Amino acid sequence: MNGRIYLDHNASAPLRPAAGEAVLTALEVIGNASSVHHEGRQARRLVENARRNIAAAVGARAEQVILTSGASEAAAHVLSPILRRNGETIPVSRLYASAIEHPCVLAGGRFPAAALTLLPVSEAGVVDLNALETALAGHDPSVGGAMVAVMLANNETGIVQPVERIAEITRRHNAYLVVDAVQALGRLPVDIAALGADFLLLSSHKLGGPKGAGAVVLGDAGLSPAPLITGGGQENFHRAGTENLAAIAGFAAASCEIDEDLAAATEIAAVRDSIEQGIDTICKDAGNKAGEPVFFGRKAPRLVNTSCFAVPGIRAETALIALDLAGIAVSAGSACSSGKVNKSHVLSAMGIDDLLAGCALRISIGPETPGHHAERFLGTFKDIVGRAG
Ligand code: PLP
């Protein structure tokens with residue numbers, strides 16, 4: 001992969017050296033964390049240290065963290081029509097999810113499809129708070145509670161949602177709030193109490209940990225979903241199954257480094273902005289060969305590492321393939337759909353027409369993306385625009 005340029009961190013961020021080392025060290029731990037002997041206790045220590053570090057990354061205590069195989073499992077676990085508190089069972093009858101959620105949330109977890117209500121977003125990609133207010137005001141509590149699922153930052157556009165305000169509305173209506181913080185962790189400060197979330201979803205590989213690890217973080221209210229995977233008593237009976245020590249250790253090592261990423265936000269934004277300015281200039285210089293570029297969410301609060309844009313007339317698949325051949329990895333819409341370039345439900349929800357959405361590319365960078373990678377991307381993109389028309 002020498003010489004390649006990777007601008008697709010929102011799909012999966014490169015493994016951090018510290019996370020890689022933690023994975024290798026954990027692979028040497030032979031015990032099962034449930035065993036009482038020395039080797040078992042060594043594995044248990046590793047899991048519990050990791051849990052503390054992951055909890056600290058979102059302002060939580062260790063006992064609030066349930067380790068999972070990733071955020072998709074975390075979503076399937078949390079989106080449950082049965083919650084528990086102090087031995088009491090709490091039925092939930094309806095899930096209200098924003099229309100721009102990741103497919104793992106839109107799938108609705110254990111709610112039947114008929115129990116899902118989609119909440120619209122504005123043209124700027126922000127959840128319509130009036131629609132949320134109206135939906136929750138119309139919820140019939142006699143058949144069960146309401147659960148709201150909103151992501152902190154969108155994977156395709158990077159647009160950040162006003163989660164604190166959403167939490168204020170959900171609290172007023174006694175609804176439970178699930179926040180998908182997968183793309184936000186390491187890119188924005190994430191504190192479960194400040195957000196007002198009842199449940200957070202996290203994924204290791206978006207912050208430079210290994211793939212295949214994630215977590216549900218429970219809010220402080222003693223509320224937990226009925227287990228999804230039953231069997232052994234691991235994860236304090238929340239999630240059965242022998243712990244994936246290596247992935248958990250790598251996830252924790254990555255979560256210990258997020259402050260460095262947050263401190264580099266200005267530099268990351270500068271590289272992202274230089275790409276957007278470069279695209280503007282390329283299209284202007286190309287005259288009528290290319291339409292005016294559209295940057296989705298450019299004026300909204302968004303992640304510093306993400307740019308989602310479309311140049312009318314430059315099809316996303318064409319650009320993606322040309323960039324890949326030139327050694328540059330970017331994404332078209334969301335990459336979470338088995339390598340296919342599908343219509344983006346996120347851009348559709350923002351009212352973007354299919355033709356323009358079919359031209360949408362996503363660039364997502366990281367703290368180690370140097371400025372010359374932006375320049376090389378722009379050089380190739382200029383050729384692509386030059387060949388169009
Ligand atoms: N939520 C968001 C916003 C994501 O971007 C992703 C992955 O793309 C997920 C959830 C699913 O995470 P995982 O790959 O850990 O299942």
Side-chain angles (χ1 to χ4, degrees), residues 8-29 31-34 42-78 102 104 151-153 155 179-192 197 199-218 228-229 234-236 238-262 305 336 364 366-368:
D8 202 12
H9 285 233
N10 289 12
S12 204
L15 190 69
R16 290 166 193 268
E21 276 168 35
V23 167
L24 292 177
T25 306
L27 285 173
E28 301 289 332
V29 177
N32 181 322
S34 299
Q42 196 183 11
R44 171 59 49 207
R45 259 196 311 279
L46 185 154
V47 171
E48 298 314 323
N49 277 341
R51 192 189 309 284
R52 260 194 302 282
N53 287 328
I54 294 163
V58 294
R61 294 184 317 281
E63 57 270 28
Q64 290 171 260
V65 172
I66 303 170
L67 299 165
T68 66
S69 65
S72 296
E73 183 196 322
H77 179 97
V78 159
H102 187 271
C104 72
M151 64 206 329
L152 183 49
N155 46 309
V179 175
D180 175 346
V182 165
Q183 295 289 348
L185 190 60
R187 298 172 185 151
L188 288 176
V190 177
D191 181 288
I192 186 165
F199 307 104
L200 276 191
L201 313 179
L202 304 178
S203 177
S204 156
H205 71 111
K206 308 292 180 174
L207 50 127
K211 296 163 184 61
V216 171
V217 186
L218 305 174
L228 172 68
I229 302 176
Q234 292 91 349
E235 296 301 298
N236 203 12
H238 289 297
R239 195 261 190 194
T242 302
E243 296 85 348
N244 182 351
L245 295 187
I248 291 168
F251 179 17
S255 62
C256 286
E257 293 194 343
I258 58 176
D259 285 348
E260 292 161 31
D261 291 11
L262 294 175
N305 78 319
C336 289
S364 51
E368 81 299 341

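Basis for what follows: all heavy atoms, side chains included, without hydrogens, waters or symmetry-related copies. Being a predicted model, the structure only gives us computed values, none of them experimental. Numbering starts at 1 and runs along the sequence shown.
Atom CD1 of Ile248 sits about 7.0 Å away from atom CD1 of Ile54, to the nearest 0.5 Å. Atom CG of Leu218 sits about 9.5 Å away from atom CG of Leu200, to the nearest 0.5 Å. To the nearest 0.5 Å, atom CG of residue Leu67 and atom CG of residue Leu202 are 10.0 Å apart. Of the inter-residue distances, the one linking Ser255 atom OG with Asn53 atom CG reads 6.0 Å to the nearest 0.5 angstrom.
Contact record, Cys104 with Ala71: SG-O, 4.1 Å, taken as the closest heavy-atom pair. Pairing each heavy atom of Leu185 with each of Ala57, the nearest pair is CD1-O, 3.9 Å. For the residue pair Ala60 and Ile192, the shortest heavy atom distance occurs at CB-CG2, 4.1 Å. Residues Gly208 and Ala19 share a closest heavy-atom pair of O-CB, 3.5 Å. The two atoms that bring Asn10 and Asn155 nearest to each other are ND2-O, 3.1 Å, heavy atoms only. Here the shortest heavy-atom pairing between Ala22 and Ala249 reads CB-O, 3.6 Å.
Using a 4.5 Å heavy-atom cutoff, the side chains of Arg239 and Ser69 are in contact. With a 4.5 Å cut-off on side-chain heavy atoms, Met151 and Gln183 do not count as touching. Under the 4.5 Å side-chain criterion, counting only non-hydrogen atoms from C-beta, Val182 is not in contact with His102. Looking at Pro210 and Leu15, their side chains come closer than 4.5 Å, going by heavy atoms from C-beta outward. Counting heavy atoms from C-beta outward, His238 and Val216 have side chains that stay 4.5 Å or more apart. Residues Pro14 and Glu368 meet the side-chain proximity criterion, which asks for heavy atoms closer than 4.5 Å. A 4.5 Å side-chain heavy-atom check between Phe199 and Val179 finds every atom pair outside the cut-off.
Identified under the salt bridge (charged side-chain N to carboxylate O under 4.0 Å, His left out) test for residues 54-66, with sequence neighbours left out: Arg61-Glu63, Arg61-Asp220.
The ring pair (Phe, Tyr, Trp, His ring centres under 6.0 Å) search around His77 returns none, not counting sequence neighbours. Among residues two or more places apart in sequence or in another chain, the side chain to side chain donor-acceptor pair (under 3.5 Å) test is passed with Arg51 by Glu48, Glu235.
Here the side chain of Gln64 pairs no donor or acceptor atom with the backbone of Ala55 at under 3.5 angstrom. Checking side-chain atoms of Lys206 against main-chain N and O of Ala11 turns up a donor-acceptor pair under 3.5 Å. Looking only at distances, a side-chain donor or acceptor of Arg16 sits under 3.5 Å from a matching main-chain atom of Leu207. Panel note: side chain Asn305, backbone Gly366; no donor-acceptor pair is recorded below 3.5 Å.
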